[in-house]
Amino acid sequence: MADHHNAPQKAGAPWLGYVVGLILLVVGATIGQQWEVPVPGIPLNLGKTVAMIGILLILFPIVRMFYTEPLAQAIQERNTHLENTFSEAENLRAEMTQLRTDYERRLNETEARARDQIQSQIKEAQNLRQQLMSEATERADEMVRRAQEEIAAERDKLIGDLRTHVVDLTLAAAERVIGENMTTERNRRLVEDFIEKVEVAR
Amino acid sequence: MNGALQLFPSLLGEAAAAEPGVPMSLVFVAIIIAITLGLFAYARRGYSNPVFKGPVVGGISLSGMAEQLYLYMEHFALGIIGPHGRKYITVLATYWSFIFVANVWGLFIEYTPTADFSLNLGMAIAAVFYVQYEGIRHNGIWGHFKHFAGPKLTGIMVLVTALIFLIEIISETMKMLSLSLRLYGNIHGGHEVVSKLNDLGQVGGWNVPIGGLLIPIKLLTCVVQALVFTLLLAVYLGLVTHHEEEPGGQHSASDETGRLLEGNPHALEAHAV
Amino acid sequence: MLGLGIGLAVGLAAMGVGIGQGITGNGAMHGMARQPEASGRIQTGMLIALAFMELVFLLSFVTALILQGKLTTGA
């Protein structure tokens, strides 16, 4: 009896369930009409029972065909569709994230490069300024030094001139005072010694 | 009792009086099955829609209802029978829909298949034999009967094993009786109670259908009895097929689907995070 | 006497089953309140327990029906 119930299981041989169910149904509906069980209060007719078993045997594959399989297929299709949509969205999001990181990286790179360039330009300019300033101070120092040297040379020359002039004047004055020629070598040396002393004293 | 207020014959309790013969009751069964299959077939129109927005009857989307029934039976099958329970959805859904439609039919028409003990017994016998068949298919004939015999005992205790075997056989028989009696008692008992209350409502020349006040609880009974029959069938199936550790080469496409479906929430969560 | 027996059978069975189902519902409600996440499984178990309890009542109800059949046929 139990072997008859493979109909809802094996989709390969539904006809067995149909045949057995039909036989049970016909038997229950024809011969079974006499199978009344006399239970007082509860009407019990085993023909109906047998027919019901047959009906259920026929019904299982039909419900499977009409209801379970198409619905399961539809639900599975919907699930795969949903999954596909989700994975698609996920892919899109990953792509977007990738693009954004790319863009950010490039932006950062550009910024860094610009900053570097600005820094290097500033450094160059500072170097240039430093150089220019040092050159300028150098040249100014040079000029000052040369001017001082010139001044010193002029002064020395002037002092020398002045000294000879003073010696000459002194000798002339002394000539006039003592009325004689004092342009001897010895006198001249005396006067120059004196002047040197005066210069030193000064 | 044939007063003007006789809207629903079952509410007025004519059910117990008339028990039709075998062909007539089978015609009623055929009508119930035709309604059920018609609803299923009508609901198929909506399956191509991504949200199953199918034909609407009385404000309810039939396809959505069919999907909900499927999901509920799937929940039963996966939760009670186990991860291999997906293939029992057909049987569970068949029983549920047939019993439910017949019960609702019984709210309006005086005779309904689920209020007929003979037909209920047929359903219960089919269910119990189906459970036995599944047990044999899963554990083998020897394993199935070993499951009957309880724990392994030796010596004089073999008698106890025999006793347990006997008791298990009786319990299997009782399963048929309990399944059918539960359904019969609830539906037929509901009719009886309505009939008796209506008898109380006969005051003078008036027919006051007091039994109509019971219609909410009868509606609840319709759903609950269909649910309980299916639930107990699922429990029996789960008890019988529970012992197998590994089906061993019985991985069908439906198992793959199950894994896919079970993995799906996590995937969705992962997407959401 | 048989009529009295029928009434008593159904009434007493209803009483006992009512008490038992109340206790079951009480326990299930407690469980659900304490662990709302397990309410699905608790509900399933509760329904099974209620079904078995109701079976006891239905057995007595069917007994009453049979007795009633005897009553009507006997009378």
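A note on names: the letters A, B, ... follow the listed sequences, proteins ahead of strands, and every chain is numbered from 1.
Of the atoms belonging to Ile33(B), it is side-chain heavy atoms, and not backbone ones, that fall under 4.5 Å from chain A. Proximity to chain A (any heavy atom under 4.5 Å) is shown, for Leu121(B), by both the backbone and the side chain.
Ranked by non-hydrogen atom pairs under 4.5 Å with chain A, the options Leu71(B), Thr36(B), Leu69(B) are led by Leu69(B). The candidate with the highest count of non-hydrogen atom pairs below 4.5 Å against chain B, out of Leu25(A), Val50(A), Val63(A), is Val63(A). Across Ile55(A), Leu71(A), Thr68(A), the residue that shares the most heavy-atom pairs under 4.5 angstrom with chain B is Leu71(A).
Around the CD atom of Glu109(A), the shell of radius 6.0 Å holds more than 12 heavy atoms that belong to other residues, nucleotides or ligands. Annotation for Phe165(B): atom CZ counts as buried by contact number, over 12 foreign heavy atoms lying within 6.0 Å. Within 6.0 Å of CD on Glu104(A) lie more than 12 heavy atoms contributed by other residues, nucleotides or ligands. Shown here is Ile141(B), whose CD1 atom has no more than 12 heavy atoms of other residues, nucleotides or ligands within 6.0 Å. Heavy atoms of other residues, nucleotides or ligands lying less than 6.0 angstrom from CD of Glu135(A) number more than 12.
Separating the CG atom in Leu59(A) from the OG atom in Ser97(B) is a distance of 7.5 Å, to the nearest 0.5 Å. The distance from the CZ atom of Phe129(B) to the CG atom of Leu57(A) is 11.5 Å, given to the nearest 0.5 Å. To the nearest 0.5 Å, atoms OG1 (Thr49(A)) and CZ (Phe117(B)) are separated by 8.0 Å. In this structure, CE on Met52(A) lies 9.5 Å from OG on Ser25(B), to the nearest 0.5 angstrom. With rounding to the nearest 0.5 Å, the separation of CD1 in Ile75(A) from CD in Glu74(B) is 6.5 Å. Rounded to the nearest 0.5 Å, atoms OG (Ser118(B)) and CG (Leu44(A)) are 4.5 Å apart.
Residues Met123(B) and Leu56(A) have side chains in contact (heavy-atom distance under 4.5 Å, counting atoms from C-beta outward). Side-chain contact check for Arg78(A) versus Glu67(B): some heavy-atom pair is nearer than 4.5 Å. Contact check for Ile62(A) versus Leu37(B): side-chain heavy atoms found under the 4.5 Å cut-off.
Nearest heavy atoms, Arg44(B) versus Met65(A): NH1-O, 4.0 Å. Considering every non-hydrogen atom in both Lys48(A) and Asp116(B), the closest pair reads NZ-OD2, 2.6 Å.
Without hydrogens or angle criteria, Thr90(B) side chain to Arg64(A) main chain gives no donor-acceptor distance under 3.5 Å. Tyr67(A) contributes a side-chain N or O that, together with a main-chain N or O of Ala66(B), makes up a donor-acceptor pair within less than 3.5 Å.
Between Tyr42(B) and Phe66(A), the gap from one ring centroid to the other reaches at least 6.0 Å.
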